[in-house]
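Everything on this sheet refers to the single structure shown next.
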Amino acid sequence: MTITVLVADDQAMVRGGLRLILEDQPDIEVVAEAADGAEAVEAARRLRPDVCLVDVRMPRLDGIEVTRALAGPGVPDPLRVVVVTTFDLDEYVYGALRAGATGFVLKDCGPALLVEAVRAAHQGDALVSPSVTLRLLRHLTAHLPGSGRADHPLSNRELEVVRAVARGRTNQEIAAELFISLSTVKSHVAGIQAKLGLRNRVEVAAWAWENRIAGS
């Protein structure tokens with residue numbers, strides 16, 4: 001199965017570099033490039049790629065606005081958006097996650113992690129790198145008001161899964177860590193998202209860090 005990707009960045013050299021990296025993989029095809037946010041939204045809605053790789057800072061519409069338009073609340077058939085950023089733009093990443101992004105990568109992450117991020121987004125595993133995820137989420141939530149442990153409807157087993165997701169574990173790693181089947185992990189993740197009103201794993205991780213559950 002070929003994963004179709006839209007690449008949106010206002011720098012032609014960056015777009016070209018991303019295309020070269022992605023299309024070097026036998027299972028990934030870049031079907032469109034966009035030089036600004038408005039162009040990205042139009043192309044994504046028209047072509048409906050499997051994954052949209054979107055820069056945070058772009059003319060006309062920034063990455064957060066693009067994400068909201070393609071995957072935000074109220075979008076009936078949301079696309080999978082991966083935001084590309086640098087670490088000093090944490091507030092933009094957080095806004096993009098809240099707008100519906102399914103993942104994020106750093107611009108200097110290297111080819112292997114970029115490819116992994118696209119494949120993970122396609123598969124629904126948004127947290128592609130524990131080191132990136134933990135560093136970013138910890139930095140973000142360090143600046144949020146501490147609310148202590150939030151009231152929630154989760155069982156003890158579901159909390160274990162939430163903590164694992166917040167640490168960047170994949171479904172396979174969670175299954176091995178908790179000695180449960182892969183299908184059980186997927187059922188738990190789906191149930192957690194339904195109970196908390198969250199749409200993807202990134203939002204689950206952000207929720208865990210916001211409510212000081214991730215490290216408990």
Side-chain angles (χ1 to χ4, degrees), residues 1-37 39-58 62-64 66-72 75 77-87 89 92-93 96-97 99-137 165 168-173 186 189 199-206:
M1 179 181 295
T2 300
I3 303 171
T4 57
V5 179
L6 176 146
V7 174
D9 193 290
D10 60 339
Q11 298 182 48
M13 186 176 297
V14 173
R15 293 196 308 273
L18 293 174
R19 176 185 280 273
L20 285 174
I21 291 170
L22 295 174
E23 291 201 330
D24 191 45
Q25 304 300 313
D27 60 334
I28 298 177
E29 177 186 2
V30 176
V31 294
E33 294 182 19
D36 62 59
E39 185 180 343
V41 171
E42 186 280 326
R45 286 175 172 169
R46 174 167 47 86
L47 299 172
R48 298 203 60 82
D50 295 318
V51 178
C52 300
L53 201 60
V54 177
D55 188 21
V56 167
R57 287 186 169 178
M58 293 186 293
D62 64 26
I64 296 176
V66 171
T67 301
R68 188 176 295 112
L70 298 178
V75 176
D77 191 12
L79 293 168
R80 289 171 177 168
V81 179
V82 174
V83 174
V84 182
T85 185
T86 54
F87 187 63
L89 296 176
Y92 292 100
V93 178
L97 298 181
T102 58
F104 54 84
V105 292
L106 305 184
K107 277 196 171 181
D108 60 354
C109 69
L113 185 56
L114 177 70
V115 170
E116 184 184 355
V118 169
R119 288 180 178 148
H122 182 242
Q123 297 168 359
D125 285 333
L127 303 183
V128 299
S129 171
S131 61
V132 172
T133 300
L134 292 178
R135 184 181 176 196
L136 183 56
L137 288 175
V165 169
R169 303 291 193 265
T170 65
N171 285 346
Q172 291 84 353
E173 290 169 336
K186 291 180 179 178
V189 172
R199 296 185 301 167
N200 54 59
R201 297 167 68 90
V202 173
E203 289 190 1
V204 171

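Looking only at side-chain heavy atoms (C-beta outward), V56 and D62 stay at 4.5 Å or farther from each other. Counting heavy atoms from C-beta outward, L79 and L6 have side chains that stay 4.5 Å or more apart.
Considering every non-hydrogen atom in both P78 and A71, the closest pair reads CB-CA, 3.7 Å. A40 approaches V66 most closely through the heavy-atom pair CB-CG1, 4.4 Å. For the residue pair R48 and D77, the shortest heavy atom distance occurs at NH2-O, 2.8 Å. Closest of all the heavy-atom pairs between A44 and C52 is CB-SG, 3.9 Å. Summarising the geometry of A69 relative to V41, their closest heavy-atom pair is CB-CG2, 4.0 Å, with the distance given to 0.1 Å. Looking at every heavy atom in both residues, R80 comes nearest to D50 through CB-O, 3.5 Å.
Listed by chain and number, the residues in a side chain to side chain donor-acceptor pair (under 3.5 Å) with E29 amount to none (sequence neighbours excluded).
Once rounded to the nearest 0.5 Å, the distance linking NE2 of H122 with OG1 of T102 reads 11.0 Å.
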Side chain to side chain contact (heavy atoms under 4.5 Å, CB included) between D55 and D10, intermediate numbers included = CA-CA 8 Å; D55 188 21; D10 60 339; 4.0 Å; yes

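The one candidate from V7, V82, T4 that meets the side-chain contact (heavy atoms from CB on, under 4.5 Å) condition with V51 is V82. Applying side-chain contact (heavy atoms from CB on, under 4.5 Å) to Q25 and the options V115, L114, V118 leaves one that passes, V115.
Of the possible donor and acceptor atoms, none in the side chain of T2 sits under 3.5 Å from a partner among the backbone N and O of D27.
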Show the atom names and distances, to 0.1 Å, of all donor-acceptor pairs under 3.5 Å that link a side chain in residues 14-23 to residues at least two apart or in another chain.
unit_1, atom_1, unit_2, atom_2, d
R15, NE, E33, OE1, 3.2
R15, NH1, D9, O, 2.7
R19, NE, E33, OE2, 2.6
R19, NH1, E23, OE2, 3.3
R19, NH1, V30, O, 3.4
R19, NH2, E33, OE2, 3.4
E23, OE2, V30, N, 3.0

